[in-house]
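Within every chain, numbering begins at 1; the chains are lettered A, B, ... in the order of the sequence lines, protein sequences first and strands thereafter.
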Amino acid sequence: MQLRQTIDKLLANFLVIIMAIMVLNVLWQVASRFILGSPSSFTDELARYLMIWVGILGAAYVSGKNLHVAIDVLPSRLSEKTQKRLKLIVRILVILFCLGAMVIGGSRLVYITHVLDQNSPALQVPLSVVYVVIPISGLLIIYYQISDILKR
Amino acid sequence: SGTRTLRLGHGLDVSHSVHIAMVKMGEDLERISDGKMKLEIYPSQQLGTERQCLELLQIGSLDMTKVSVGVLENFAPRMKVLGLPFLFRDRQHSFNVLDGPIGQGLLNGGEKYWLKGLGYYDAGSRSFYTKDKPVHTPEDLVGQKIRVMESVTAMDMVSGLGGSPTPISWGELYTALQQGVVDGAENNPPSFYLSRHYEVCKFYTLDEHTVLPDVLLAGTHLWEKLSNEEQGWLQQAVKTSVAYQRTLWLEAENEALEAVKKAGVEIIRPDKTLFADKIEDSFDKYKEDEEFYELITRIQETK
Amino acid sequence: MEYAPILVLVISFICLLAIGTPVAWSIAISSTLTLLVSIPIIPAFTTVSQRIGTGLDSFALLAIPLFILSGELMNKGGIAHRLIAFAKTLVGALPGGLALINIISAMLMGAIAGSAMAAASAMGSILGPEMEKEGYSREFGAAVNITAATTGLVIPPSNVLIVYSLASGGASIAALFLAGYIPGILTGLFLMIVASFWAKKKGYKVGKRSSLKEIFKTMIDALPSLFMLVVVIGGIVSGIFTATEASAIAVLYSLILGFIYREISFPKLPQILLDSAATTAIVMLLIGASMSMSWALSYENIPQEISSGLLALSDNPIVILLIINLLLLFVGIFMDMTPAVLIFTPIFLPVVTKLGLDPVHFGIIMVLNLCIGLCTPPVGSVLFVGVGIAKTTIEKVVKPLLPLFIAMIIALFLVTYFPSLSLWLPRQFGL
Ligand code: NA
Ligand code: NA
């Protein structure tokens, strides 16, 4: 499981960096309003896009650590064998969702914003750069789920 | 085949003239198509902000939407021309341009971005409103933080006049004004009234700097699916809806001005040329883009 | 009305939850299935993806990761300890003194951190062992800790009120924050009364009375921590900065304080940032998924159907509010707060505004109601944290939880039927 540890590490470092930039960015927004007297128009947009990245990429990290909250009242009352089967079904459903909505749907979104040349209003960065986090995160989640299935 | 239901999402309240005219459009469409086409309207941002609705048109899960030109210019850059300050001489001039070949050309130009323009609803002209400091001349804008839409032309316009443009979403603006994050904003009278921003901002300066019409659009996903006959029915319904809305708009504008006056807002009618002169040369920077500059000239030359 | 979409939504959602699918994925998958009823497959997938992505695209939501981070910093930075020491000198000598300390500290801590889970884990780990030493049962301590931690969600700043503001289409965050004070403190007081009676009945020991000097000393110690409240709330209410900017100031402030107290150092920062990012992601995935669910609901006109159905039941506001409260209590049993707020605000808000209710007032009702749900089995994030930290089980905690639930329900009904409990304070500030 060398690969998984490397991916974990990379993802964690990346999240720490985005989170830190997000804090500094909002602090800079306050400072620029008070010290320079004029609000900086790009900080707002940057902060929102960083949050999309933290949220969606973080979802992959959380998925790798199996931290997403679930209700296991019913499963916990079943036999161990059935529980294992249900867990497998849940993992397959998550994989199917990530493949359909996040990887295929997300790639389609990236494709549309790319070919139609859509840029963000303030920073003028291509929106496809913002949205590309969705298929990436989808792929990572699928990887984690498959790796967990194979571990059993 | 059975009935074709078109889904139309927009961000305005159900009491807004545009929504009322859309309801009429739905009735007309059903009548002239003999019940073969229907319109289902989702008001009040139920299906997302204007920006998100445009994306949904491109994605193909929503059929039609209405957005301000200020939002549309981020998708179809040519539309930027309509947002230039003091471009139109008056209301009639703007109708002549929009209903003529230039306006139609801009509507069709959206197809490149999978957005088929259908018509222009009247959104009057936009003016500044401020909280503490009345604006009589452009100099009064200096040092005031003015909320603008997320639009490059709008930001250029406010900084050209001397103010500090601050992009904030419309939904968060009331609180932002109240808390003093911004000192003022700019919009047409009905929006100033319906958003209740007049409760906070007591000065309304009718400088009428921009005419930013609302644009009704269909996704090309839908448009290409419609038969010629269906396209015709839809366009006919749009046409009567647009004409109806323009009469409603005038009433709404007068009512709004009366209502805010009653609520204690001071209506300022400044010398507009002071504002227009201040950014007169702002069109020069578009000279590099020949096609765009020609568009400006053609609009100015329209009778 | 088309029944297929709503049937697909409800049935798939319940089945997914039942087999143990994480809540966020259950929401996302059932919304996707619902959209597939009326939208072709690729546009449906793309729409879900767009809702998840753009659902997070809001400046107001940005306060959430930052308040989570500042809560984390406060936990690790010694701020929580000082608040507890101060609370101890205030009420330590009353019957059930330690339970009261737990409640007051949780209120203070929750007030500053804006997160019930942070409050429950801080108080549970610090006070839990101490309560056991004094002869309190572990389960009673956990029950007090769990319920008290939720009061911090109503007492500002509060992430969930920010979420509500978003879902309601822009109710003023400043007004919501002010509106939360009295209901939150009221609930805390009711919890204290119940805890006090329970402790007396069980004959738990009483702590020693603190001298004025001790009270003064601990207060001075806790002053910098308390001052953070002034900075955050004062800044927002007076308009110096927005809720989001206040959350960034809170991060900076708790970081500096943590450094001064020498309980945080640079090498510890990456882990703190990572933990906050993970907590943020859990919340954000829920928000993004709920955005696709509320889109699917709107697309199929489900809120309109439900609200017209509700209004047809009665035109008496008292009855409708009772029904909504009972429905929300039921929802809270199974669902966590954030998704519940996101899903049910667009459904219920049009109904109650038609009855003349203020959206700010309804926000407080909703959050206070769902606070109870956070503590009820089977799904309750605060319940999970509290039970986990006390190393006991859900079954054992239920008994001491029951009287505390009654206290919370009484507070909920007072807040529901006396709007001024919520609206008086914001009105004083002209909001
Ligand atoms: Na709080
Ligand atoms: Na619960």
Return all side-chain donor-acceptor pairs below 3.5 angstrom for residues 281-289 of chain C, not counting sequence neighbours, or 'none' if the list is empty.
none

Return the minimal non-hydrogen interatomic distance between A/I142 and A/C98, and the atom names on each side. CG1-CB, 3.8 Å
With a 4.5 angstrom heavy-atom cut-off, which part of C/S276 approaches chain A: side chain, backbone, both or neither? both
Check the pair A/L93, C/I19 against side-chain contact (heavy atoms from CB on, under 4.5 Å), reporting the backbone distance first and the verdict last. CA-CA 11 Å; A/L93 284 172; C/I19 62 168; 4.0 Å; yes
Which answer fits A/L27, side chain, backbone, both or neither, if we ask what part of it has an atom under 4.5 Å from a heavy atom of chain C? both
Among the options C/I29, C/L69, C/T280, pick out the one with the most heavy-atom pairs lying under 4.5 Å from chain A. C/I29
At a heavy-atom separation under 4.5 Å, does C/I42 approach chain A through its side chain, its backbone, both, or neither? side chain
For C/A149 against C/V382, the heavy-atom pair lying closest together: CB-CG1, 4.1 Å
Please rank C/V251, C/D57, C/V48, C/L252 by heavy-atom pairs under 4.5 Å with chain A and give me the top one. C/D57
Under 4.5 Å heavy-atom distance to chain C, tell me which part of A/V54 shows up: side chain, backbone, both or neither. both
Sort A/I134 into side chain, backbone, both or neither according to what part of it lies under 4.5 angstrom from a heavy atom of chain C. side chain
Leading residue by heavy atom contact count with chain C [cutoff under 4.5 Å; candidates A/V62, A/L50, A/I17, A/N13]: A/V62
What's the spacing between C/S26 OG and C/I14 CD1 if we round to 0.5 Å? 11.0 Å
Bottom line for C/L269: the part with an atom under 4.5 Å from chain A's heavy atoms is neither
Under 4.5 Å from any heavy atom of chain C - which part of A/L78: neither
In the structure I gave you, are the side-chain heavy atoms of A/K65 and A/Y144 within less than 4.5 Å of one another anywhere? no
When A/L24, A/L86, A/L109 are compared by non-hydrogen pairs under 4.5 Å with chain C, the top option: A/L109
Flag for C/Q271-C/D275: side-chain donor and acceptor within less than 3.5 Å: yes
When only pairs under 4.5 Å are counted, which of C/I272, C/I41, C/L56 shares the most heavy-atom pairs with chain A? C/L56
Would you mind checking which part of A/L99 comes under 4.5 Å of any heavy atom in chain C, side chain (CB onward), backbone (N, CA, C, O), both or neither? neither
Partner chain C: residue of A/R108, A/M19, A/M102, A/M51 with the largest heavy-atom pair count (under 4.5 Å): A/M51
Ion pair present between C/K76 and C/E72, side-chain N to carboxylate O less than 4.0 angstrom? yes
Residues A/E45 and A/Q124: closest non-hydrogen pair is OE2-N, 4.4 Å
